[in-house]
Structures are given as C-alpha cells and as structure tokens.
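Report on the following structure.
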There are 2 protein chains.
Amino acid sequence: MATLRDVARRAGVSIATVSYVLNGTRPVSPEVEARVWEAVAALQYRPNRLARGLRRKRTHVLGLIVPDNANPFFAEIARGLEDISFAHDYSLILCNSDGDPSKEQRYLGVLIEQQVDGIALVSASATPAHLTILRERGIPFVVVDRDLLGLEADCVLADNFQGGYLATWHLLNRGHRRIACITGPSDLTPSADRVRGYQKAMEEAGIEPLEVWVYRGDFRAESGYHAARFFLSLPLPIRPTAIFACNDLMAIGAMRAIGEAGLSIPQDIALVGFDDIVLASYVIPPLTTVAQPTYEMGRLAGELLLRRIQARGRPPARHLLPVRLIVRHSA
Amino acid sequence: MATLRDVARRAGVSIATVSYVLNGTRPVSPEVEARVWEAVAALQYRPNRLARGLRRKRTHVLGLIVPDNANPFFAEIARGLEDISFAHDYSLILCNSDGDPSKEQRYLGVLIEQQVDGIALVSASATPAHLTILRERGIPFVVVDRDLLGLEADCVLADNFQGGYLATWHLLNRGHRRIACITGPSDLTPSADRVRGYQKAMEEAGIEPLEVWVYRGDFRAESGYHAARFFLSLPLPIRPTAIFACNDLMAIGAMRAIGEAGLSIPQDIALVGFDDIVLASYVIPPLTTVAQPTYEMGRLAGELLLRRIQARGRPPARHLLPVRLIVRHSA
DNA sequence: TTCATGAAGTTAAACGTTTAACTTCGCGGG
DNA sequence: CCCGCGAAGTTAAACGTTTAACTTCATGAA
C-alpha cells in the first residue's frame with residue numbers, strides 16, 4: 001500500500017535516498033537515515049518484491065516439483081528445502097506433478113514465467129529431454145532422488161544401491177539363503193538401484209536368485225501383501241525364508257500376509273524394509289529397515305541450488321548420500 | 001528472455017497489439033493475430049508474471065502457512081490446496097511455521113511483500129491478534145484446522161467434537177464403561193474439541209470420567225505409549241477397558257505398551273484412534289479410528305480463498321467438515 | 001584564490017507488462 | 001459530398017523498485 005514514494009515524501013527526501021537507506025547500498029547522513037526509518041515505521045512500509053524482482057532480475061523465489069506432497073517422503077524433502085530457503089530469505093513455490101511428465105512440463109512453464117531463481121525437481125520421467133527448456137533459458141536447477149540418464153546437472157541421491165546391498169547382506173548374515181525381493185516400478189532409478197544392491201549381495205554370497213523370488217510391486221502396501229502371499233505359496237524347497245521389500249509400505253503389507261498365514265516374524269520369515277517411515281518402529285515386530293536421509297536431501301538440494309545461483313559456471317556435482325541399516329526385530 | 005517488445009518487433013506491430021492478442025482483450029485482425037502467434041512461437045515467448053502482477057496488482061500466487069509440512073496431515077492439506085490452485089492457474093508458496101508465532105509473523109510479512117493474492121494458514125497461536133496485519137492490508141485469508149477465538153473470517157474445520165463423540169460412543173456401544181482418553185496439547189482447539197466430544201458421550205451414558213482416565217499427551221507415539229502404561233498401572237477396579245486416543249500416532253504407541261504387557265486388543269483393552277493415517281489399517285490389529293477429510297479441507301480452503309479474492313465483501317463462512325468413524329478390529 | 005575531491009543528495013531511465021486514450025481509415029447514411 | 005462511426009491499430013503512462021549518472025556544496029591543498 002505504502003510505496004517508496006510515500007516514504008520519500010514523508011521523510012522529505014527522494015525515493016532513491018530511501019532505497020539506499022533500505023538496502024544500505026550507499027552511505028546516507030545519520031539525520032536523513034533516521035527520518036527515513038521513522039517514515040518506514042509510521043507508514044508500515046514493506047517493499048514490493050515484484051517491483052524489486054522486475055528491476056533486479058532476481059526474485060528470491062525457488063520452485064520445487066515433486067510427484068506428490070501427500071507422500072511423506074516428498075513432503076519431508078519439501079520441508080528440508082523450505083528450511084534452507086527460509087534461512088536464506090528465499091520463498092518456495094510447491095508443485096505436484098503426479099508423476100505426469102506433461103503436468104511437470106506445465107509447471108516448469110509456470111515457474112519460468114514466475115521468474116524463479118532456481119528449480120529443484122524430483123522428475124516425473126526417466127530422461128532429461130524435458131529439461132532442455134531450463135537449459136535454454138539458463139535457469140539453475142537440481143534433480144533430487146531420481147537420476148536422469150546422461151544428465152549433466154547438480155544432483156542429490158540416496159545411495160539406494162548400497163541400501164539394497166546392506167539389507168540383503170544383513171539377511172545373509174542371519175543365515176538366510178533363500179531371500180526374496182519385492183521391487184518398485186522398475187523404470188525409476190531408486191527402485192532399480194535397490195534391486196541391483198540385492199543382486200550384488202546375493203552374487204557375492206554365491207547365490208543365484210530364482211526368478212520367482214523377485215516380485216514387482218508398486219510401492220504400495222497392497223502390493224507387498226500380494227507379493228508375500230505369492231512367496232508363501234511356493235513349494236517348500238524354494239520358498240523364501242526372508243524378504244527384502246524395496247519400501248516400508250510394502251514390507252508392512254507383507255507383514256500382514258505373513259501374520260494371516262499364521263507364521264511369525266522373524267522366526268519363520270525375516271523381513272527388511274526401506275525408508276524408515278515413522279511407523280516402522282511401531283509395527284509389531286518393529287521393522288528392520290534402511291533409512292534414507294530424506295530431510296537432509298531436501299536441505300542439500302537447496303544448498304546446491306543456492307550455490308549454483310551464485311556461481312553458474314561451476315561443474316555439476318553429484319551427491320550420493322549414505323543410507324543406514326536400522327536393525328530392529330523383524331530380521 | 002524474449003519480451004513483448006521482441007515479439008512485437010518480429011510481428012511488425014506494437015507491443016499493445018501483442019498484449020491484446022495474448023490476452024484476447026480486444027479484437028485483432030486475423031492476419032495480425034497470426035503473425036503475432038508465429039512470433040510468439042518462434043521466440044518461445046513467455047509472459048513475465050512479475051511485470052504482469054506489478055501492473056495488474058494481481059499475482060495469481062497464494063500463500064500457505066502450516067506448522068510442518070513433514071507432518072502428513074499438513075502435507076495432505078497442502079496437497080489439496082495446491083491442486084485447487086493449479087486448477088485455477090494459481091501458484092502456491094509453502095511456509096513452515098514450526099508452530100512458532102514469531103516465525104509465522106515473519107512469513108506473513110514475506111507473503112505480503114510477495115504480493116500474494118491470498119493466504120491460507122494453520123495458525124501457530126490460539127488468538128487472532130497477529131492477523132491484524134492481514135486485516136489492515138485487506139488481504140484475503142482463510143484459517144484451516146485450528147479455530148481462532150472470536151475471529152471473523154473464512155474458516156475450514158473438521159468436526160472434531162463430533163469425532164470425539166463418535167469414537168467414545170462406539171466404545172460405549174461395545175459395552176465399555178471405564179473409557180480413558182489420551183489428549184493432545186490442550187491449547188489447540190482440535191484436541192480440546194475431541195476431548196469435549198469424549199466427555200459429552202460419557203455424560204450422555206451417565207458416566208462421570210475419573211480424572212486419572214484423562215492423560216495429556218503431545219500427539220506423538222511416545223506419549224501414547226506412556227499413557228497406556230499409566231492406565232495399565234491403575235488398580236483393577238478403576239483400570240480402563242478401553243482407550244480413546246486423540247490421534248493415531250498416540251494410539252499406536254498405546255498398542256505397543258498393551259502388547260508389551262501381554263494383553264490383547266480388543267479383548268483386554270479396546271482402542272480407537274483419530275486421523276486415519278495410512279498405516280492405521282496396517283498395524284495389527286488394524287486400528288479403529290476417526291477419519292478427517294484432510295485433503296478435502298485443503299481443497300475447500302483453496303476454494304474459499306479464491307472465492308473471497310473474487311468477492312471480498314461477502315460475510316465470512318465457517319465450514320465444519322464431517323468426520324467418519326472407521327471401524328476396524330481394535331475396537 | 002582556485003580548483004580538484006569526495007560526500008550526500010537528486011534525477012531519470014529501466015525492468016516487462018497492461019490499458020486508457022488517441023489516430024487512422026474505410027464505409028454507409030443522409 | 002460530408003460526416004459520424006466503428007474497427008483496428010498505436011502511443012504513452014503507469015505499476016514500484018534499483019541504480020547509473022548527475023548536481024551541489026563544503027573541504028583542503030597548492
């Protein structure tokens with residue numbers, strides 16, 4: 001409402017002087033400075049960031065595109081990114097792509113029009129083709145969680161391969177040999193990497209996993225339930241004694257199937273999940289799982305983004321964040 | 001990069017004409033229109049929303065302040081609000097207050113400076129004092145989830161009272177008489193209303209709840225665990241046979257304590273939660289709980305906000321959304 | 001006394017739109 | 001033949017900042 005002009009009038013100076021006082025961009029005499037601050041307070045003046053952004057060509061706004069903020073994993077990434085943004089006086093525009101590349105594309109357009117200073121995204125598609133629009137316009141961006149093949153850009157990933165390896169290694173260590181795996185949608189790199197970790201561990205143990213031990217799920221609890229029922233239906237000699245589920249939701253679905261079959265965990269079937277969602281520690285028995293530094297991924301993405309906004313020329317950095325095996329009672 | 005000016009030059013017309021074509025605000029001859037669109041496409045022109053907002057005094061941006069986006073409840077509200085925003089070509093700026101009134105205040109300032117068209121907030125404090133800043137500037141806003149005493153404004157709430165009543169009524173219906181309640185922090189209206197619902201149901205059944213049956217928790221699983229242990233330590237004649245927990249997290253904490261005590265649910269102790277978080281259906285036994293239309297609350301908040309942006313004069317509307325009792329196996 | 005210097009202020013252009021007000025021109029009615 | 005009118009275009013101001021360039025004036029050195 002009150003503008004620079006109003007403040008200037010009340011303080012009896014030019015608008016330029018007010019601007020200099022507000023931004024501290026040039027020395028101003030003490031008396032004038034005091035008058036300006038008085039006027040600012042009296043008028044409850046607040047700078048208009050649109051006008052500022054228009055002139056400076058910097059908006060102090062970032063964009064974040066995730067598949068679905070209602071998914072706790074992405075929500076926590078968003079939280080981490082927002083914390084970093086706030087700490088640096090940036091605002092964050094949140095976008096939900098629903099994993100739909102065309103919706104993601106529309107959002108990219110909106111963010112560009114909104115003149116955001118940078119974009120973080122958990123991409124909806126597996127190739128970087130749709131990011132050329134950012135490249136062309138020289139907009140800083142960072143990709144999170146999901147890798148894009150052959151993309152030269154800043155990137156924050158959890159070490160999913162290592163996670164799958166650790167989980168499987170733990171089961172092997174407990175003496176299991178027939179270990180099954182419930183995967184996610186295989187075109188997404190996080191899931192694929194976890195499965196590769198599983199395979200690597202099995203291979204190192206000199207075990208060739210049977211094809212029927214690998215069940216393709218969709219990251220939802222329901223599919224874990226079906227997977228476990230399927231495993232339990234296998235003839236005894238090839239029935240798995242342990243299951244590695246590529247996320248906790250599916251692991252919990254599996255728990256239910258195992259419980260319904262009258263079997264107990266971990267005596268009859270051992271179980272390891274992935275993600276360490278809040279309730280992993282509250283199911284019975286508490287779930288052994290692999291924790292990702294989700295919040296940290298959001299923070300790091302923010303830091304990389306801000307750094308790139310400062311210095312665009314730097315070579316892109318790939319960050320592979322360590323995961324932790326959390327041993328509880330399910331394996 | 002490309003501006004109206006560039007498009008105008010390429011199409012051989014004035015920038016005004018280009019603007020009219022883009023916005024369809026005035027008739028333009030077919031040939032000219034075609035040339036303009038050609039130029040727009042060739043130059044990959046995208047309007048600068050800052051400039052547009054500055055001129056129009058409408059940014060098509062909304063703000064949302066929640067305590068913590070990493071909390072699935074708020075994350076889902078955010079999701080609902082964002083969906084509505086996107087559908088109406090609005091963008092959403094996300095802010096996390098951590099329940100800290102001063103941080104909330106800072107965010108309000110930022111959003112104002114950002115010239116958002118409206119603000120939705122899950123307020124950090126119980127009184128509407130800090131919202132005067134919005135009032136003074138005539139910025140449309142809507143409060144969600146938590147009521148503010150004596151506030152005249154649009155408002156979206158779940159019927160928490162009814163939820164507490166339903167949950168308790170269900171337990172009474174199953175024959176329970178000694179029913180305990182695990183509350184949340186009592187200064188927040190959602191929790192307080194649930195407790196009032198509990199009390200009302202008990203009263204209607206002619207039961208005066210003992211003071212020791214009401215345990216003050218903090219909405220986290222740990223506090224539910226402690227609450228249940230406390231209840232189980234009571235002498236048999238006054239030991240509760242059923243527990244109503246004001247959220248699912250605390251209910252699940254209670255489950256754990258009950259399990260550890262070697263008791264079974266619902267035979268020895270019945271349990272009802274609140275929220276219907278995803279995993280409520282995956283714990284063992286599946287949790288009977290009260291579901292709030294969380295996503296719907298976000299959507300409705302968005303709709304109210306947009307409506308108010310259109311027509312500021314309308315009297316404020318209070319929406320009390322119905323909750324549902326979901327009967328599973330814990331009670 | 002003169003003049004370069006620097007401190008502290010002002011002026012005005014620029015950022016990219018929108019939109020009120022103005023121009024131009026062809027056409028039809030009187 | 002003149003005039004008014006409407007269609008279709010242009011001009012320029014405005015939105016609220018930032019900032020380069022300019023002005024003014026006191027100071028101190030030569």
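Side chains are part of it too, since the values below use all heavy atoms of this structure and drop only hydrogens, waters and symmetry mates.
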Inspect the contact between D154(B) and R318(B) and indicate whether a charged nitrogen and a carboxylate oxygen are less than 4.0 angstrom apart. no
Taking atom CD as the centre, does E152(B) end up with more than 12 heavy-atom neighbours from other residues, nucleotides or ligands that are less than 6.0 angstrom away? no
At under 4.0 Å between heavy atoms, what does T3(A) touch on the DNA or RNA strands: base, sugar-phosphate, or nothing? sugar-phosphate
Can you find a pair of side-chain heavy atoms, one from S91(B) and one from H60(B), that are under 4.5 Å apart? no
Mapping L54(B) and Y20(B) to their closest nucleotides on DNA chain C, which lands nearer the 5' end? L54(B)
Could you check whether I15(A) gets within reach of a base, just the sugar-phosphate, or nothing at all, counting any heavy atom under 4.0 Å? base
Pick one: which of L62(B), V61(B), L81(B) meets side chain to side chain contact (heavy atoms under 4.5 Å, CB included) with Y90(B)? L62(B)
Of M1(A) and P30(B), the one whose closest nucleotide on DNA chain D sits nearer the 5' end is P30(B)
Classify the nucleic acid contact of S29(B) as base, sugar-phosphate or nothing, counting any heavy atom under 4.0 Å across all strands shown. sugar-phosphate
In this structure, are over 12 heavy atoms from other groups packed under 6.0 Å from R106(B) atom CZ? no
Heavy-atom distance under 4.5 Å between the side chains of S97(B) and D100(B), does that happen here? no
Assign each of S14(B) and N48(A) the nucleotide of DNA chain D bearing its closest heavy atom; nearer the 5' end lies the nucleotide of S14(B)
Anything under 4.0 Å to a heavy atom of chain A counts; send over the first and last such nucleotide of DNA chain D, read 5' to 3'. dG16(D) to dA21(D)
Which part of the nucleic acid, if any, lies within reach of R26(A) when heavy atoms closer than 4.0 Å are counted: base, sugar-phosphate only, or nothing? base
Look at all strands and tell whether R58(A) reaches a base, only sugar-phosphate, or nothing, counting heavy atoms closer than 4.0 Å. nothing
